[in-house]
Amino acid sequence: MMAKIKKIDANILRLIMILIVFLIIACVTQPTNFMKADNFRSMAKQMTEYGLMALGVGVCMISGGIDLSCVYIANLSGITAGLMMQSMSTTSSGSGYILLSVLVAILVGAACGIFNGFLISYLRIPAMLATLGSYQLFMGISIVISNGSTVSGIPEGYTMWGTTLLAGIPFAFVVFLICIILLSLIMSKTRFGQKVYLVGTNAKAAKFAGIKNNSVLIRSYMISGILSAIAGLLSLARINSAKADFGSSYTMQTILIVVLGGVNPDGGFGSIPGIAIAVVILQLLSSYLNMFPNISNYYRDLIWGVALIAVLILNFVTNKRKQARLAKAS
Amino acid sequence: MGNILAVKGIKKSFGGVHALKGVDLTIKEGETHCLAGENGCGKSTIIKVISGFYQPDEGTIEINEKGYPVMTPSEAINAGVQVIYQDFSIFPNLTVIENLAFNQILANKKKLVNKKEFRRIAEEAVKKINFDVDLDALVETLPVADKQLIAISRALLDNAKLIIMDEPTTALTKKEVKRLFEIITDLKKNGVTILFVSHKLDEVFEISDSITILRNGENVITCPTSEMTEEKFTYYMTGRHFDTNQNKADMEKNIGETIMSVKGLSAPGFENVNFELHKGEILGVTGQLGSGRTELSLALFGLLKPTAGTITMEGKEVKIPNVSAAEKLGIALVPEDRLTEGLFLPQSIIKNITVSKMDELTSKAGILSNKKVVEESAKWVKDIGVATKNHEFPVQTLSGGNQQKVVLGRWLATNPKVLILNGPTVGVDIGAKYDIHSLLRKLASEGMAIIIVSDDIAEVIATCDRAIVMQGGRVTGQLDGSELSNDSLTSATN
Amino acid sequence: MKKLKNLTKQSEFYVFIIIVVLSIIIQARSGLFFANNNIVDTVRSMIVPSIYALCALLSFVSTGPDVSFPLIAALSTYLALITTNALGMGESMVIVFVFAIVYGSIMGALNGIIIVKYKFPSLIVTLGTSSIFSGILLGAFEAERMDLPAGLQRMGKASLLSVKNAETGLGSTLPMTFLILVALYVITYLVLNYTMVGRGVYAVGGDEVSAERAGFNVKKIRFGVFTANGAIAAIGGVCYAVMSMRYLPTEYAGGEMIVIAAIVLGGTRMAGGVGTLKGCILGTLLLTMVSNSLILIGISVYWQKVFIGAIIIIGTAVSALQSYGASRVKSKVKEAA
């Protein structure tokens, strides 16, 4: 049994410890403001959007690549849904058209992801460059279809989801939780998940072992695209609008989160729960800093950067020890 | 003549692991000395000690009877010691000129680039071995043998008196090896001493004057090559006695019906290959590097698209567009390069063994059963004797032989009808090699059809019932059991 | 003949052809591309990206991507400005540059230390330090837009060349910063091609182990590259402020990806060891042309990003497939031999 617990991953244990320590500090220093249901609700809403994208980036990084286009897939999906709802709200009644718009937006996200996967697998463009190019493309398409302006005038039948609570929990966060659970299962329990890890470790060996690398990669980026589309849809409901260049700074944040969450930047290792916990820690941190009016929210960047480098170094040192131990053992 | 190199009592340990436990090595000036031993015997560590990259914990180093209490890389170079590594230490992205001139320019502590001087140095270098090459070419565009010659001529530039060659023939074709040996002979005439590190029997006997064998970080023997025999050599390297030929005769042979037949098969790299493979038979495919043997194995496994010809499995003509199609037909391939093609090095032994069987271990809902995976892996670890304490350990912690067994186990787990092995024992210790050969013979006696693709003639003789010989992409010979011998194969492949 | 053959092997050559074709098309459709003001305008918009391109080139050739240069530029410019203001030395523009270079080098050195010591992927490290620099700039210092000291203002107002298009009446000026760009390229060219340290940058990127064995100090070279990148980024940052006539802290971030795309289009190899200054200029020129000149042929600015994205994807796909094809051809040749 002990061995089982040990297996859970030193990294996740460490992240949970950080989370607990942080909560204790927050409780002690800001008992009234921080420990309020309202505060938690607003945190839950805020973390959802970049959290979803971070999950997607995580899958791509585990597969040995990276996805820089998430934010723009999210915006493109949001704009698509927004424009559809806008144009149909005058002619249609009921909520069928809203559902249709949502479905189309998710399909758009999936298509963008498949496009990324195609560039990376069949055309063999390094993932960083492929998604660097495609983000310009997706952003460009968003600008073209939205005429470069903000898409607003979203029907209330849709925006109400931005404020809906399910058992006191914001709807968006429930969606986030479902995505975390589903993705964790996919990555740890299914054949596909295992293949993503193996392709990320050694793509050539994966090919020789009978894994269809191209299909695994395309599906990985498709997952990332779908998660981004969901993020875009939730953002559309929350802020009642969509624009081609919303949330540009999220791109780098998602990568930070994924590495903080213990994903190996070279691929092959990392876990979805780790990424999820990293998302929570960072949201707590940034909301906590907001409690101090005289501390700029930009301090968050500083802390994230330091945390990233610190986690890298920590992982480096522990890995080195682990390897020395293994070498001795065998 | 005196000793150009004398190292005595060298000890070196890394984090508690004793890599060298008191090694002596004495080389006479002007001789070609062979340093042999299995993987992990300490060959590469002692080279690094001599060339100043590692500081020994104990022991002395003398070059030309001068002691070096602390040897550094630049001191070693100044003393005339040059190492030619397996990767040749070259810069693929730069020109031949720069590759040749860098060392000397840096050794002279020059800060600026003088293009004329670079060219002069490069021309001087290639002249030493009459090496004809475009000096302005980028090295990445040159064939392997030329890269090695760049390394050799560069070494000679620094007035090398002792050149250490670390497994120099690994990536060379037979023709290229011949040329290398001619150059070594020439160098010897000019008074250059060579330390030739190798584990290939035939090469060692052909080129060296004397031999030192290491095992587990200790000296086993040093003697003139003329006093060495093949049996002794194997025994000293491994500490075990093997008699491979007898084993082959002992095994009951039971060759059955045709399982695979290949007619007029062509693909980039080879053309018009025909053969039939029967149940229980071990077919050898041999030939030099670049003869098309590797490409043939890839084509049979769905990794190379045939341009013409047919493959028939159990009487039915089949197409093999990808690996999973090959797998479904019951074809398995243990690839040539274990480290890059065969294994997921940092992943666990379990994952490495079960990767190709994942589909069977998955429920209808697509959920992988952890329990089944662990059981399956445990079964194969036990069956083929992978030496490990923990199946969760990364495969990279295993020795070469055990790593190869993991790849083999992965494919045996899919229960193949035709097992193709490309270089099944490259970089594998003699002990593990023996185990793998016995295992293959056992599998054949149980009815599996096996193709062994190998340039190791001894291996083909020891295991195969029949062999086809390839040359320049064509089959140039077929040898049946009785005709298989060292001489017949050697002459056929040349 | 051989020279021509070599030329067609270089990706710079293809970028050059594309640039020529594109400029001819734009000229044919609008008659405005080769107008003096458009040329000066294009050069003007290339100045800062081309300076950044040096950072991207050096890091890619020796180690891997560096994405921290925009924020090093922003932070070092800010620090240089407040230092000169505090010391009352705003009259001299040289002083501002010197301070910026010092600050930038320190930040670059931080990147260098982490990357060299732990061998982490440079992308992730520079991403982290970018975040740190951004936190320091906007969080700790709460930097806001600032007017420039007198020395830089004078520099910003001065111009090397002023042209006016006779037909359209549109004018354009070539700023002093152009000289800085030229100087940086000349220095970098000399260092990369005529010093052993410069060759070392390529050697380290080509094969780290071989470089170590040949006698290059791999760690020092990599550390030096990132430190130099800091200094170059700082110069670019001050130039940017000079050209905008004020310091805008939030305008810096976000330029890194386009710069990287430009140098990769210009033939810089992602795996390291290969990349030229010629390629930097051509790649930057191509992307600048697309952003600046599409409007001349009546394509709405809305399409600009689509075009840039498409060019990056097509350009990288061609070079990726080319190198894949080359490796295949090579193995075939090996068979024939």
Side-chain angles (χ1 to χ4, degrees), chain A residues 3-10 62-64 121-122 182-216 219 263-270 315 319-330, chain B residues 14-17 298 301-303 322-328 331-347 351-363 365-370 373 387-390 392-399 402 407 410-411 414 422:
Chain A
K4 259 263 150 78
I5 290 176
K6 240 184 179 169
K7 243 181 65 186
I8 286 186
D9 206 321
I62 292 172
S63 80
S121 60
Y122 283 96
L182 272 181
L183 196 61
S184 299
L185 288 177
I186 290 175
M187 291 301 284
S188 64
K189 297 279 178 219
T190 69
R191 191 166 35 165
F192 165 72
Q194 288 304 303
K195 286 179 183 172
V196 176
Y197 282 97
L198 292 173
V199 170
T201 309
N202 182 345
K204 200 170 184 188
K207 199 168 124 195
F208 272 87
I211 295 175
K212 289 174 181 155
N213 291 9
N214 289 356
S215 132
V216 170
R219 279 186 282 167
V263 176
N264 184 337
D266 296 329
F269 295 89
N315 285 346
N319 267 346
K320 217 171 180 183
R321 281 206 202 125
K322 198 167 120 198
Q323 260 169 15
R325 221 176 44 234
L326 281 178
K328 259 188 198 172
S330 60
Chain B
F14 300 97
V17 180
L298 295 180
F301 194 52
L303 285 168
N322 53 41
V323 174
S324 49
E327 216 183 310
K328 280 198 193 89
I331 303 171
L333 170 73
V334 174
E336 186 174 28
D337 186 343
R338 186 169 56 236
L339 301 180
T340 65
E341 298 165 347
L343 292 167
F344 303 93
L345 285 173
Q347 300 283 5
K351 282 193 186 178
N352 270 285
I353 286 188
T354 53
V355 50
S356 299
K357 223 196 169 177
M358 262 196 271
D359 290 358
E360 273 177 58
L361 305 172
T362 306
S363 73
I367 305 294
L368 199 58
S369 157
N370 195 35
V373 166
T388 175
K389 288 184 184 128
N390 188 339
E392 298 277 356
F393 277 5
V395 150
Q396 64 196 5
T397 60
L398 298 177
S399 70
N402 280 309
V407 185
R410 171 197 304 165
W411 286 110
T414 64
N422 193 352

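Only a predicted model underlies this, so the values are computations on that prediction, with no experimental measurement involved. Chain letters run A, B, ... following the sequence lines, proteins first, then strands; residues in each count from 1.
At a threshold of 4.5 Å between non-hydrogen side-chain atoms, the residues B:Val395 and B:Phe344 do not count as touching.
Here the straight-line distance linking atom CG of B:Leu361 with atom CD1 of B:Ile367 works out to 13.5 Å at 0.5 Å rounding.
Of the two parts of A:Ile211, only the side chain, counted from C-beta on, holds a non-hydrogen atom closer than 4.5 Å to a non-hydrogen atom of chain B. Contacts of B:Asp337 with chain A are absent, with no heavy-atom separation under 4.5 Å from either backbone or side chain. At a 4.5 Å heavy-atom cutoff, A:Ala203 makes no contact with chain B through either its backbone or its side chain.
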Residues 193-200 of chain A, side-chain donor-acceptor partners within the protein, below 3.5 Å, at least two apart:
from, atom 1, to, atom 2, distance (Å)
A:Tyr197, OH, A:Gly270, O, 2.5

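Of the residues considered (B:Asp359, B:Asn352, B:Asn390, B:Val355), B:Asp359 shows the highest number of contacts with chain A, using heavy-atom pairs under 4.5 Å. Between chain A and the residues B:Thr388, B:Thr340, B:Asn322, the largest count of heavy-atom pairs under 4.5 Å involves B:Thr340.
Between B:Trp411 and B:Phe301, the ring center distance clears the sub-6.0 Å criterion.
The salt bridge (Lys or Arg N to Asp or Glu O under 4.0 Å) check on A:Lys204 picks up B:Glu341, with sequence neighbours excluded.
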